[in-house]
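A short worksheet on the structure shown next.
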Amino acid sequence: MRFIARDAPPRVVHGLQSAGVHPLLAQLLAARGVRDAAEVEPEMSALLPPRLLLGAEAAARLLADAIARGERLCIVADYDCDGATACAVGLRGLRMLGAQVGYVVPNRFTTGYGLSPAVAELVARQPGGRPDWIITVDNGIASVDGVARAMELGMRVLVTDHHLPGERLPDAAAIVNPNQPGCGFPSKNLAGVGVMFYVLLALRAELRARGSFTAANQPRLDALLDLVALGTVADVVKLDANNRLLVAHGLKRMREGRMQPGVRALFAAAARDPAQASSFDLGFALGPRINAAGRLADMTVGIECLFTDDGARAMHLAQALDAINRERRGIEAGMREQAQQALARLQAQGDAVANASISLFSPDWHEGVVGIVAGRLKELHHRPTFVFAPGADGLLRGSGRSIPGFHLRDALDLVSKREPGLLVRFGGHAAASGCSIAADGFERFAAAFEAVANTWLSPELLARKLEVDGELGAAWFNADVAQLLQAQVWGQGFAAPVFASRVEVLQQSQLGERHMKARVRLLDAPAGATRELIAWNRSDFLPAQARVAWRLDTNTWQGRIQTRMVLEAVEDSS
């Protein structure tokens with residue numbers, strides 16, 4: 001691991017400070033590309049307008065007509081947190097705007113992802129009768145056959161999605177996707193829930209223009225921002241300025257106690273305080289509990305938790321999600337250990353991690369957890385990673401995670417061209433993608449994927465690097481600064497601050513079964529300041545002296561707030 005210092009342009013830092021931004025925060029934000037103090041606490045008026053999003057106004061007109069005619073709508077969701085929040089936002093928002101709307105969520109193990117022909121037929125057989133419209137959320141851009149089947153069954157389709165399109169677009173009545181051809185929307189990083197929120201904004205404007213209500217009495221769509229923030233952070237999309245604005249205002253509502261009952265219940269189930277809500281809470285506490293339902297059970301539990309207005313029912317559902325998540329963690333731990341053992345065997349044969357990619361399969365693994373395991377292995381070994389498990393349909397289901405500089409979906413596209421017929425289906429993003437292959441296709445896939453990675457990835461890209469923010473001045477090592485930093489929106493593409501220090505380890509010991517704590521002396525600090533350092537999920541001790549990357553954190557013990565360092569990485573001594 002090599003540390004790379006972030007560069008913060010002095011003139012930009014000075015400009016932010018002059019506008020009243022805290023000196024440390026000015027340094028950190030400037031190093032992440034922020035140039036205007038308005039981005040620090042942005043107003044909702046700075047949100048990119050819906051008219052810039054191709055298809056949003058067309059979708060709004062179609063939906064306004066459907067509402068006027070009393071037509072019935074059905075949302076087809078996805079089975080991850082982005083899909084669940086997008087579904088809940090769609091249900092709540094469309095009903096606020098006068099629509100009759102229900103939902104169907106595909107099942108990972110039976111119907112598979114997205115609006116497939118089977119899901120279209122399922123929608124047509126709903127107990128209340130066939131709806132007039134299908135609205136996809138967080139899926140649909142690749143559903144060419146599913147949209148065609150829905151139309152054959154007498155339903156029109158509106159696609160809202162954010163995934164990258166294939167060579168052919170579905171023949172939907174309207175498509176809203178910032179990544180579709182011809183869309184000039186400046187934020188290509190909207191999550192699925194963000195796209196649905198934009199459709200609601202456009203629909204409200206259309207209904208207002210038709211005289212359904214005025215600006216003074218129109219429905220308050222900002223009441224949905226807690227859900228938008230949760231789905232955006234949980235889907236690990238890049239937090240550009242527009243996404244940070246959405247997340248910041250969602251977090252603000254949570255801290256003020258203005259959130260859906262299900263979001264409040266999830267905070268309680270995770271033992272987190274919504275008054276101190278952070279993007280870390282959304283990504284690592286609430287999001288995984290929603291995702292667990294889609295991985296192991298039925299995402300209906302997650303959607304109902306986010307949609308219900310009954311606080312007691314929301315708490316019951318949140319506790320069910322918490323139990324599913326605990327089960328998921330147990331399955332994941334076993335799979336991760338087996339995967340590491342498999343890698344060790346391959347490495348002993350001169351293979352695996354020495355390669356430019358990692359591909360693993362076991363007939364005993366759970367298809368709902370392969371993505372998490374792939375992500376853990378990618379982080380540990382800094383290689384594009386695919387993990388496969390048997391699917392209920394007889395195919396192998398694979399989920400991949402990638403490193404900077406390697407576009408995973410483009411890699412799958414090249415694999416499909418080099419190995420015709422190998423990939424039954426695939427899709428996703430640059431950093432995360434999935435695919436299905438024949439039961440006997442794993443070896444072919446592993447070889448083809450490695451060939452692409454070996455060509456595309458240079459030694460420089462394969463070297464582990466961590467961007468750091470330099471040494472933290474002693475004056476900033478306190479609880480007030482820690483809480484200031486925790487209140488900011490950090491995440492994918494806008495990394496949380498990581499500082500670097502040379503330390504001498506004075507003492508260290510195990511903390512529980514899987515963690516470590518140490519007392520360290522800062523070698524570059526005045527008078528040899530000593531601090532507590534916590535290393536989560538690290539069992540091996542630190543060397544006597546090391547340069548470490550760490551996060552500023554607080555811990556409350558017996559009513560006292562203590563400030564500490566949390567280890568992120570140790571720089572190679574070479």
- Any donor-acceptor N/O pair, Glu327 side chain to Ala323 backbone, under 3.5 Å: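 Side chain of Glu327 to backbone of Ala323, a donor-acceptor pair under 3.5 Å: no, none is there.
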- Message: Treating Asp82 as the side-chain partner and Val193 as the backbone partner, does any N or O pair qualify as donor plus acceptor under 3.5 Å?
- Response: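 At least one qualifying donor-acceptor pair exists.
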Between [X] and [Y], does any side-chain donor sit less than 3.5 Å from a side-chain acceptor?
X	Y	answer
Asn189	Asn243	no
Asn179	His163	no
Gln27	Asp469	no

- Task: Would you verify whether the NZ or CZ of Arg531 falls within 45 degrees of the ring axis of Phe477 while also being under 6.0 Å from that six-membered ring's centre?
- Result: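 Here Arg531 passes the 6.0 Å and 45° test against Phe477.
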Using the test side chain to side chain donor-acceptor pair (under 3.5 Å), find all partners of [X] that sit at least two apart in sequence or belong to another chain.
X	result
Gln562	none
Gln508	none
Glu39	Arg244
Ser278	Asp281

So which heavy atom on [X] is nearest to which on [Y], and how close?
X	Y	value
Ala569	Leu466	CB-CD2, 4.0 Å
Lys465	Glu460	NZ-O, 2.8 Å
Ala26	Leu16	O-CD1, 3.6 Å
Met299	Asn291	CE-CA, 4.2 Å

- Query: Salt bridge check: are Arg253 and Asp226 linked by an N-O gap of less than 4.0 Å?
  - Reply: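 Result for this pair is no, no salt bridge flagged.
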- Are the charged groups of Arg551 and Glu568 less than 4.0 angstrom apart, N to O?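 Here Arg551 pairs with Glu568 in a salt bridge, since their nearest N and O are under 4.0 Å apart.
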- Query: Side chains of Asn555 and Glu532: closer than 4.5 Å at any heavy-atom pair?
  - Reply: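 Side chain of Asn555 against side chain of Glu532, heavy atoms only: no contact under 4.5 Å found.
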- Item | Side chain to side chain, Val503 and Trp550, heavy atoms closer than 4.5 Å |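 A side-chain contact is absent here, since even the closest heavy-atom pair is not under 4.5 Å.
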Residue [X] excluded, over 12 heavy atoms near [atom1] under 6.0 Å:
X	atom1	answer
His316	NE2	no
Phe541	CZ	yes
Lys188	NZ	yes

- Message: Within this structure, what is the CD-CG distance for the pair Glu504 and Leu523, rounded to the nearest 0.5 Å?
- Response: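 With rounding to 0.5 Å, CD (Glu504) is 6.0 Å from CG (Leu523).
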- First locate atom CD of Glu450, then atom CZ of Arg383, and finally report the distance between them rounded to the nearest 0.5 Å.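 Answer rounded to 0.5 Å: 9.0 Å.
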- Check side chain to side chain contact (heavy atoms under 4.5 Å, CB included) between Ala411 and all other residues, then give those that pass, not counting sequence neighbours.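 So Ala411 forms a side chain to side chain contact (heavy atoms under 4.5 Å, CB included) with Phe406, Phe449, Val452, Trp456.
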- Message: Among residues at least two apart in sequence or on other chains, which ones pass side chain to side chain contact (heavy atoms under 4.5 Å, CB included) with His249?
- Response: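 His249 satisfies side chain to side chain contact (heavy atoms under 4.5 Å, CB included) with Met44, Leu225, Leu245 only.
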- Where does the angle between the aromatic ring planes of Trp536 and His515 fall among parallel (under 30°), tilted (30 to 60°) and perpendicular (over 60°)?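 Plane angle over 60°, so perpendicular.
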